[in-house]
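Letters A, B, ... are given to chains in the order of the sequence lines, protein chains preceding strands, and every chain is numbered from 1. Values reported hereafter were calculated over all heavy atoms of this structure, with side chains retained and with hydrogens, waters and symmetry mates removed.
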Amino acid sequence: MTKEIPKAYEPQLIEQQWAQRWVDSGLFRAEESADGPVFCIVIPPPNVTGYIHIGHMLEHTQIDILTRWHRMSGHRTLWLPGMDHAGISTQVVVERELAKQNLTRQQLGREEFERRVWEWKAKSGGTIKKQMIRLGESVDWSRERFTLDPPLYRAVLEAFLRLYKQELIYRGRYIINWCPRCLTALSDLEVVHEERQGSLWFLRYPVVGSNENILVATTRPETMLGDTAVAVHPEDERYKQLIGKKARLPLMNREIPIVGDAAVDREFGTGAVKVTPFHDPNDFELGRRHNLPEIDVMTEDGHMLANAGPYAGLDRFDARKRIVEDLKAQGFLDHVENHPHSVGICDRCKTVVEPRVSTQWFCKMSPMAEVAMKAVADAKLSIVPDNQRKIFLDWMANIRDWCISRQLWWGHRIPIWHCKKCSTMTPAVNSDVEMIDGHARAASPPKACGKCGSSDLEQDPDVLDTWFSSALWPFSTLGWPDDTPDLRTYFPNSLLISGYDILFFWDAKMVMLGSRLTGRIPFPELYLHSLVRDEHGQKMSKMRGNVVDPLDWIEKYGTDALRFTLAIKAAPGSDISLSEEGVLGYRAFANKIWNAARFLYVNLDKFEAGGDTIDQLASPESRNSAPHRADPELPLVDRWIFSRLARVVPKVSQALREFRFHEAAHEIYHFFWGDFCDWYIEWCKPRLNSENREAARAAWRNIFAVYEAALRLLHPFMPFLTEELWHQLPQPAGARSIALARFPETPAAWLDEAAETDVALIQEITGASRALRADLKLEPKRKVSAELFISDPAKRKLIQDQIDPLSRLAILSEVSFAAAPLNTEGGQVRSVAQFEIRIISAETVDIPAEMARLRREKERLEKDIASKERQLNNETFLSRAPAEIVTGLKTTLTERQVELRKALERIAQIENSAGGSATA
RNA sequence: GGGCGGUUAGCUCAGUUGGUUAGAGCGCCUGCCUUACAAGCAGGAGGCCGCAGGUUCGAGUCCUGCACUGCCCACCA
């Protein structure tokens, strides 16, 4: 950076260029980082056909901050990137594309459909990667993985076969959630419940052999076609005499038993329930207890079957209307009540889910859940924030088996072969995969049926739930089941960061399957980040139209600004409200950093004219060896800024260790803007251009040292800007990137309480002077004299030594010191306990404004003093409170009393001047 | 039906073991284009910390109840 420095920071100019250079040079390959302790984190793999949304951006920002921080702290660092094939989502998307051409997957057939999905993946699958590169994420692209890559496919087969042999995976006929649109089974997690206004229909079922009816209530009348019983509570006085009798099913004219079962809730509806084992989970359980037939009345795509008689072929909801009409017409409908209830819908396509009995594959969870719970109890796995830990444990404790088979075509096909002769299942010989048409398949089908020896075998048509392969991600990406160097080095991972919305889908599965298959908890720490909402805290959704495309904002404000915004808002445990104005504020911060650099270089040009060069003033040796820092004669402000830095760096590190990104970002923001720009630079200005060449040199060396350290401190948060500016400084030979530089290390010896206290006093005096100037409406440039009284003689000496910067900061031409407290009659005075200051000028004071200010102050002080006096008069307080609290309170009280006295004097003086104008 | 969280300045939110005048960003008011930065500088205004009790010398912070609000889990037909 030399003469031509743009006044405003323009991120677009530099970000793209650095992003590309980082990737091209392989900067983030794990091998490029230091050879220290290992830090490894895997990306929560985004859907390969998706794009980066603001939630990813938050997640990736947090991961990248930690990754860069560890890399700079001397760790051997790997952030492993990759994508998920995302079975059902991807298939739904491709099916929608086909639908535009009036095609269905069934028309294409399995092979062709799969080919189309691969095509789609090839076309849209690069988006995420491009975006991640654009965002400058420090991932190791040489280790990029995809869940359908052959090695990962093999890991899935291996995992399946092992669990199958351990009887943790089984096949069975149970009631599951079925999506009539996707035509597949879903896990419980993939069904979301929505409260909807529905009806409760009360139906009369005639009791056979009597004139009685039994009244049942239902929210889904169409299922009555498949009723195989009516159930009542066995101790229900109203109905127990009917148990063992039969009811006649209306419309179907079929006799069904009336059974007693304790699961029936006597309070609900009529206390009698129609039982449809095929189409309702409760009824399914009840039906198996009573050996009831399971009658299917619906096709897989939600139409009525032939056995539904006159309703055959109707859509399930049309059938509902017709059935209700018919029941009413035939006198079987007693009445209808409004009944809000929750309806299960497919998470992916929002179709109402239909429970149905089906043969599926399941994974037995409880043994693995026990291990997971123990890991948490033994602190082998810590979950942050803490309330998520409880949610995790609660879920584990109530875990149910996981339906892992999907009737999809996009995914890992189950490595089991069915004998066409005897139906026996035989697993693949091993987990080997082979490439067919560029993608992987099980390569070792069994030669013959394990039971009858027939070679007429057919592979199970189902694929695995996409989360099955994701569950293996922390180790499948590193070469498992082989014992690879990467697996040995990077597994278990150091940490996992994910959104809390996939805690059960993904995180929990990794812990369970990971520990089962590898014998180790895949990561010792799990941080669950919050979700991003709009500026009013509303969930972002297409319907609300409040979805933010991060790339839009990046175009406008830069990646660094958006990253910083996300970081500074990311307090653990609560969601983030994101607004464009907020990002604007941190773009301003980026601009501030840019302009601080600009200040240095613009002034340096002048200084260099005297013979010094930046290579001497900002050389790495000068910055790092820094003998000037140890100098006891170091100017106060330098001692102060190094002390501040030494306070901020450990706070930032500690905050990052605890995932308190907002705290880390706040510390950095206020250090850079408040301490460095507002005070340090302003204070240094005269010294940097001092006639005393040696003093100026020292000033330059120090300001560069602080500035360069600040860049490294900022780098994990604002990688592009800091990279750009860092390269403008002299760097050691061969230095490639600030990303490989060391995170600042600040010796405790830099801490300097005295300097901080002294600077605080000067800042206060400066502030009081500026306030006085504002009261007097003095033009900013006009220099005036001031009179200063300092109660503490030692402090007075200090101020005398620092008179030049003080004058400059407060724009004073001269400061004279008073030996006694200032007479209140001499004009505009500001006083606090430690000092009093008067600006000497002929300007008229705004009397009403000044009185208003004084009255506010008086009121505040009186209130405060009263409360403190009350406390100090309280015997119990004096005897029980810690001594330091008591003495502190006493000191403060004395100060407040002094301030109050001064304020009262001032008020009296103004009032006595009989409405005349007070002049200074 | 269970569980979890939120309620602090006009807005969005921090506030780590209870302790002396409760903070930030944005917004607002006043004055400044002071050659690093108007995406800036300086000075200000603005808060019964949801309500009611309780514990304590002392509560935004701990406990109980209530109100409102958001989320998660759950097979109430």
Quick one: label [X] by what it contacts on the DNA or RNA (base, sugar-phosphate, nothing), any heavy atom closer than 4.0 Å.
X	value
A:Arg856	sugar-phosphate
A:Pro355	nothing
A:Val264	base
A:Ser579	nothing

Grab the two heavy atoms, one from A:Phe661 and one from A:Phe717, that are nearest each other, plus how far apart they are.
-> O-CE2, 4.3 Å
Take the protein atom [atom1] of [X] and the nucleotide atom [atom2] of [N], then report the distance between them rounded to whole Å.
X	N	atom1	atom2	value
A:Ile568	B:rG23	CD1	C1'	13 Å
A:Leu503	B:rC73	CG	P	10 Å
A:Leu772	B:rG44	CG	C1'	14 Å
A:Tyr680	B:rA36	OH	P	17 Å
A:Lys783	B:rA42	NZ	C1'	16 Å
A:Ile681	B:rC41	CD1	P	11 Å

Taking the six-membered ring for Trp and the single ring otherwise, decide whether the centroids of A:Tyr669 and A:Tyr586 are under 6.0 Å apart.
-> yes
The correct list of stems in which RNA chain B takes part (3 or more consecutive Watson-Crick or G-U pairs, distances under 3.5 Å) is B:1-7 with B:67-73, B:10-13 with B:23-26, B:28-32 with B:40-44, B:50-54 with B:62-66
Donor-acceptor pair under 3.5 Å: do we get one between A:Lys592's side chain and the base of B:rC37?
-> yes
On a plain distance test, is the side chain of A:Glu682 in donor-acceptor contact with the base of B:rA36 below 3.5 Å?
-> yes
Separation between CG of A:Asn177 and CG of A:Leu189, rounded to the nearest 0.5 Å = 10.0 Å
Just by protein heavy atoms under 4.0 Å, how would nucleotides 1-12 of chain B read 5' to 3' in B, S and -?
-> ---S-------S
When you compare [N] with [M], how far apart are their [atom1] atoms, in angstrom units rounded to a whole number?
N	M	atom1	answer
B:rG47	B:rC66	C1'	24 Å
B:rG19	B:rA59	P	11 Å
B:rG58	B:rC68	C1'	30 Å
B:rG46	B:rC41	P	23 Å

Report the C-alpha distance between A:Ile703 and A:Phe676 in whole Å, list the side-chain angles of each, state the deciding distance to 0.1 Å, and finish with yes or no for side chain to side chain contact (heavy atoms under 4.5 Å, CB included).
-> CA-CA 9 Å; A:Ile703 203 168; A:Phe676 185 71; 4.1 Å; yes
Between B:rA14, B:rA77, B:rU20, which nucleotide has the shortest distance from any of its atoms to the side chain of A:Asp265?
-> B:rA77
N/O contacts under 3.5 Å, protein versus nucleotides 25-28 of chain B?
none

Could A:Lys539 and A:Asp575 be called an ion pair, given the rule that one side-chain N must be under 4.0 Å from one carboxylate O?
-> no
